[in-house]
Amino acid sequence: MLSFISKTKLFRYLHTLPPPPKTASKKRAAEQNCLALLELCNNFPKLSQIHTHILKLGLQTNPLVLTRLASTSSDLNAIDYASSFIFGLDAKTHLYDTFLFNTVIRAYAQTKDSKQNALIYYKIMLKDCIFPNKFTYPFVLKACAGIGELSLGQSVHGSAVKYGFSDDIHVLNTMVHMYCSCGGGIEFGRKVFDEMPKCDSVSWSAMIGGYAKLGMSSEAVGLFRKMQIAGVRPDEVTMVSVLSACTDLGALELGKWVSSYIDKEKVPKSVELCNALIDMFVKCGDVDKALKLFRNMAEKDIVSWTSLIVGMAMHGRGLEAISLFEDMRSSGIVPDDVAFIGLLSACSHSGLVEKGRQYFDLMLKEFRIVPKIEHYGCMVDLLSRAGLVKDALEFVESMPIEPNPIILRALITACRAHGELKLSESMTRKLIKQEPMLESNYVLLSNIYAISLNWEKKTTIREVMGKKGIRKTPGSTMFELDNEIYEFVAGDKTHNEYKEIYEMLDEMGKEMRRAGYVATTSEVLLDIDEEDKEDALNRHSEKLAIAFALLKTPPGTSIRIVKNLRVCEDCHTATKFISKIYNREIVVRDRNRFHHFIDGLCSCKDFW
DNA sequence: CTAGGGTTAG
């Protein structure tokens, strides 16, 4: 199309947009120009001018124009405009019916918030007896995946079978993806996957990615092993999903293996793959490796920068995060809201209060980014950690949004730490109103009662919890050794060497007490005597994992463990002692961040 | 005109 007229001429044409020509040949030329312009106008702000021009030329029912409008524009208005004319078309007189519908369905399937329209047009299509073809289903299924309603997906599955497209590999692959993206659909996805006559790397990636997204990371890794046995060559997309599973598990050794596998098998390193590698190294505890990888990347996008900034924040390396952010700006990349979340959380974790305040203002003033609850959350956390309780409370008052549980928890922790017990109690009650089924909120309340020596109220908490039927989220800790992931839960005796582990725990306890350790029993909810409480704390999964790691790794080496919850007060204190007594660097990843324990101190500076 | 992928406060 563009061979008819140069781009420059086209844009000039756009700016002048001449009146509709009178002769037929000139009309055809104008139509050609119009089509060519539409091709160029993806994201082009002058799209509305072309709309008007299309109307003037009388091209609004031309299927070619309509398809181009819908398919070349990511502008929802253009899609709506194009699709609304489809109603006006006489189905019998046009040759492009299925094609036209496919284009509109595809356009809606690609939007963020209007995916349901793809299904509406699919239904119109069937009602008008326009038959879907093999291209229709991938679009429709993609829309279903985005909406995430299982029943909807199942009905589309049914119609794909009815119209005879359920043996096409593209349709089946999208079907797997659709089921994996719908709540409760993973088993259906697995069934489709298992029953596929032929699988390619896309099918495997869809299934592995499905497990990875749901946090079923061991299944994802297991399926990747099966893929290798099946002899299907993984590509860069497969590796991204496998890496995201490693990231979730915190399995650095596994992640390193995947990384060298990528090099060995010469899997092309797309930007997305490199970003996944960076994220893996960051969240498995090796930021420096992530940094090295980042420096070697030929092309970096905003996600690459942000992943690393977030990484620095998680490890308490705030100044490096700030300088990365500035380097990113200098390199011409405009920061987005996510980059600011990383930056602000970095300031917060490193106590850079003034920097944080400056950047928070800069965000709106220079970059026109309206702060979201996450940004407010970072600021409340920043002020709270710095001990500026009053500022934090005032800040929350000034926010245009109601504080959510995350913000409340930051405030409560700050108030508790600075003796504002009455205030922290009332806020915790507010928090429990918002999240009545979360065990950790009751632990918080119990802890506040313990500090204020209010034993009566403390003992009633368990009753309340029992009445509400609140179930404890079991804490677990993972430790990776010789390509094996060992998972510990509190009081675990399922391990082969549990006797040795408990002996080690006893020895650790003795050494720690000799060095001045006193158990922090205030967070134990059980109504038992102090000695039993200590015993309960001593069996926490984190301590079991550390005991096992001390037994199994050579002296002087660092220990990396991954917790599924936030590290508890007592384990945090104990780990500080252990790092000093046994002269080990202990790296703990908890729900939120990393703790690097060295020589009796922690990188989080005891506020987390 | 067809499928699967990366960053988000505590």
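This one's a predicted model, so the numbers in the text were calculated from it and none came from an experiment. Here is how names work: the chains are called A, B, and so on, in the same order as the sequence lines, proteins then strands, and each is numbered from 1.
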Item to complete: Decide whether a cation-pi geometry holds between A:Lys289 and A:Phe281; the criteria are a distance under 6.0 Å from NZ or CZ to the six-membered ring centre and an angle within 45° of the ring axis.
Response: yes
Fill in: Cationic N near anionic O, under 4.0 Å, A:Arg357 to A:Asp361
no
Practice prompt. Please work out if A:Val176 contacts a base, only the sugar-phosphate, or nothing of the nucleic acid, heavy-atom cut-off 4.0 Å.
Written response: nothing
Worksheet item: So what does A:Asn133 touch, heavy atoms closer than 4.0 Å: a base, only the sugar-phosphate, or nothing?
Response: base
Worksheet item: Can you tell me how far C1' of B:dG10 sits from CG of A:Asp381, to the nearest Å?
Response: 6 Å
Worksheet entry | side-chain N/O A:His349 vs B:dA9 OP1/OP2, d < 4.0 Å | no
Worksheet, complete the sentence: Of B:dA3, B:dG10, B:dG5, the nucleotide closest to the side chain of A:Ser345 is B:dG10
Worksheet entry | Sugar-phosphate, base or nothing in reach of A:Leu243, heavy atoms under 4.0 Å | nothing
Practice prompt. Could you check whether A:Asp279 gets within reach of a base, just the sugar-phosphate, or nothing at all, counting any heavy atom under 4.0 Å?
Written response: sugar-phosphate
Fill in: Whole-Å gap separating P (B:dC1) and CD1 (A:Ile79)
19 Å
Discussion item. How many whole angstroms separate atom CG of A:Leu141 from atom P of B:dA3?
Written reply: 11 Å
Discussion item. Heavy atoms only, 4.0 Å cut-off, all strands: where does A:Asp301 land among base, sugar-phosphate and nothing?
Written reply: base
Item to complete: Could you check whether A:Leu344 gets within reach of a base, just the sugar-phosphate, or nothing at all, counting any heavy atom under 4.0 Å?
Response: nothing
Practice prompt. Please state whether the phosphate of B:dG5, meaning OP1 or OP2, lies under 4.0 angstrom from any side-chain nitrogen or oxygen of A:Lys213.
Written response: yes
Discussion item. Tell me whether the side-chain N/O atoms of A:Lys283 come closer than 4.0 Å to OP1 or OP2 in B:dT8.
Written reply: yes
Item to complete: Would you mind telling me which of B:dA3, B:dC1, B:dG5 lies closest to the side-chain atoms of A:Val240?
Response: B:dG5
Worksheet item: Contact class for A:Ser244 (heavy atom, under 4.0 Å): base, sugar-phosphate, or nothing?
Response: nothing
Worksheet item: Please give, in whole Å, the distance from B:dG10 C1' to A:Arg409 CZ?
Response: 7 Å
Discussion item. By the 4.0 Å heavy-atom rule, please label A:Thr413 as base, sugar-phosphate, or nothing.
Written reply: nothing
Practice prompt. Decide, yes or no, whether a salt bridge links A:Glu420 with A:Arg416 under the criterion of side-chain N to carboxylate O below 4.0 Å.
Written response: no
Fill in: side chain to side chain donor-acceptor pair (under 3.5 Å) contacts in which one or both residues fall within residues 331-345 of chain A, not counting sequence neighbours
A:Asp337-A:Lys372
Worksheet item: Is any side-chain N of the basic residue among A:Arg190 and A:Glu187 closer than 4.0 Å to the acidic one's carboxylate O?
Response: no
Item to complete: Assign A:Asn102 to base, sugar-phosphate, or nothing according to its heavy-atom contacts below 4.0 angstrom with the strands shown.
Response: base
Worksheet item: Got a salt bridge between A:Lys213 and A:Asp248, using NZ or NE/NH1/NH2 to carboxylate O under 4.0 Å?
Response: no
Discussion item. Measuring from the side chain of A:Ile373 (C-beta onward, heavy atoms only), which nucleotide among B:dG10, B:dG5, B:dA9 has the closest atom?
Written reply: B:dA9
Fill in: Nucleotide B:dG4, atom C1' - distance to CE of A:Met239 in whole Å
14 Å
Discussion item. Can you list, in residue-number order, the parts of residues 433-446 of chain A that come under 4.0 Å of DNA chain B, counting heavy atoms only?
Written reply: none
Discussion item. What I want to find out is whether A:Asp263 reaches A:Lys269 closely enough, with some N-O distance under 4.0 Å, to be called a salt bridge.
Written reply: yes
Practice prompt. Please tell me which of the listed nucleotides, B:dT8, B:dA3, B:dG5, lies nearest to the side chain of A:Val310?
Written response: B:dT8
Discussion item. Using a 4.0 Å heavy-atom cut-off, does A:Ser270 contact any base of the nucleic acid, only the sugar-phosphate backbone, or nothing at all?
Written reply: base
Worksheet item: Rounded to whole angstroms, how far apart are CG on A:Leu411 and P on B:dA9?
Response: 18 Å
Item to complete: Please determine, for the side chain of A:Ser348, which listed nucleotide (B:dG10, B:dA3, B:dG5) has the closest atom?
Response: B:dG10
Worksheet item: Expressed in angstrom and rounded to an integer, what is the separation of A:Phe594 atom CZ from B:dG10 atom C1'?
Response: 15 Å
Item to complete: Pick base, sugar-phosphate or nothing for A:Ser307, based on heavy-atom distances below 4.0 Å to the nucleic acid.
Response: sugar-phosphate
Discussion item. Categorize A:Ser205 for me: base, sugar-phosphate, or nothing, with a 4.0 angstrom heavy-atom threshold over every strand shown.
Written reply: base
Worksheet entry | Touch class at under 4.0 angstrom, heavy-atom based, for A:Asp590 against every strand present | nothing
Practice prompt. For A:Tyr179 and B:dA3, give me the distance from atom OH to atom C1', rounded to whole Å.
Written response: 16 Å
Worksheet entry | Shortest side-chain distance from A:Cys378, nucleotide among B:dA9, B:dT2, B:dG4 | B:dA9
Practice prompt. For A:Glu402, check side-chain hydrogen bond (donor to acceptor under 3.5 Å, both in side chains) against everything at least two apart and list the hits.
Written response: none
Worksheet item: Is the charged tip of A:Lys115 near the ring of A:Tyr108: under 6.0 Å from the six-membered ring centre and within 45° of its axis?
Response: no
